[in-house]
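Heads up, the thing below is written out as C-alpha cells.
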Amino acid sequence: MGLVVKALFGALVVILIGILSKTRNYYIAGLVPLFPTFALIAHYIVGTERNVEALRTTIIFGFWAVIPYLVYLLSLYFFVNSMKLPYALFWAVVCWSLAAWVLLSLWTRFHA
C-alpha cells in the first residue's frame, strides 16, 4: 500500500508542476521539484540509524550537492539557445553527472 501512496504523491506533484507551468507565474513550477522530499527521508534514516555526527556530515555534503544541480541549470540555460530541447536536456544531465562524479571523487578523497 505504501508504494501506491508514493506513486499517487508523485503523480500529484507532476500534475501540480503541469498546472503551475500554465499559469502567469509558470516559473514556480521550477521550485516544486526542489521540495526536500528525499532529503527529509535521507536525513531521517541517517539520523535514526547513525549518530548525530553522521547526520551532520550528511547535511554538509548536502550543501556541496547543490553544485551539480547548479551546473545542470547553467548548462541547460546555455544549451537551450543552441540545440533542440531533448538534446539540451540530455547534455545538461551529462554535465550534472560529470559534476556529481567530481564532487563524489573529491569528497571521498578528502573526507574518507
Side-chain angles (χ1 to χ4, degrees):
M1 190 60 153
L3 187 58
V4 172
V5 171
K6 291 174 190 173
L8 288 174
F9 181 72
L12 289 174
V13 170
V14 170
I15 291 169
L16 178 61
I17 291 169
I19 291 170
L20 287 171
S21 70
K22 291 175 179 31
T23 67
R24 182 170 44 112
N25 299 318
Y26 56 88
Y27 48 85
I28 296 173
L31 181 62
V32 174
L34 297 178
F35 183 80
T37 306
F38 295 112
L40 287 167
I41 294 167
H43 295 149
Y44 179 79
I45 291 170
V46 172
T48 56
E49 295 183 3
R50 308 282 305 226
N51 58 26
V52 172
E53 194 56 39
L55 176 58
R56 291 173 54 86
T57 300
T58 303
I59 293 167
I60 291 170
F61 182 78
F63 293 147
W64 290 99
V66 172
I67 294 171
Y69 186 67
L70 180 61
V71 168
Y72 166 80
L73 290 175
L74 285 170
S75 61
L76 184 60
Y77 180 80
F78 290 107
F79 289 155
V80 295
N81 287 330
S82 60
M83 57 185 77
K84 293 181 179 182
L85 183 58
Y87 295 113
L89 290 168
F90 172 79
W91 286 111
V93 169
V94 169
C95 291
W96 178 92
S97 300
L98 290 171
W101 177 76
V102 169
L103 173 62
L104 288 170
S105 298
L106 291 173
W107 184 267
T108 55
R109 172 179 278 175
F110 294 110
H111 290 3

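- Tested against Tyr44 for a side chain to side chain contact (heavy atoms under 4.5 Å, CB included), the candidates Ile41, Thr48, Leu40 yield a single pass: Thr48.
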For residues 18-35, run the donor-acceptor check on the side chains, cut-off 3.5 Å, and write out each pair with its distance to 0.1 Å, sequence neighbours left out.
residue: Ser21; atom: OG; partner: Ile17; partner atom: O; Å: 3.4
residue: Ser21; atom: OG; partner: Gly18; partner atom: O; Å: 2.8
residue: Thr23; atom: OG1; partner: Leu20; partner atom: O; Å: 2.8
residue: Thr23; atom: OG1; partner: Asn25; partner atom: N; Å: 3.3
residue: Asn25; atom: OD1; partner: Tyr27; partner atom: OH; Å: 3.1

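- Residues that satisfy the side chain to side chain contact (heavy atoms under 4.5 Å, CB included) test with Leu74, not counting sequence neighbours, are Leu70.
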Can I get a per-line list of side-chain donor-acceptor pairs under 3.5 Å for residues 78-104, giving both atom names and the distance, sequence neighbours left out?
residue: Ser82; atom: OG; partner: Phe79; partner atom: O; Å: 3.4
residue: Ser97; atom: OG; partner: Val93; partner atom: O; Å: 2.9

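- Note: His111 and Trp107 have perpendicular aromatic rings, judged against thresholds of 30 and 60 degrees for the angle between ring planes.
- Considering only heavy atoms from C-beta on, His43 comes within 4.5 Å of Ile59 through its side chain.
- Cluster membership for Leu55 and Phe63, using ILVMFWY side-chain heavy atoms within less than 4.5 angstrom, is shared.
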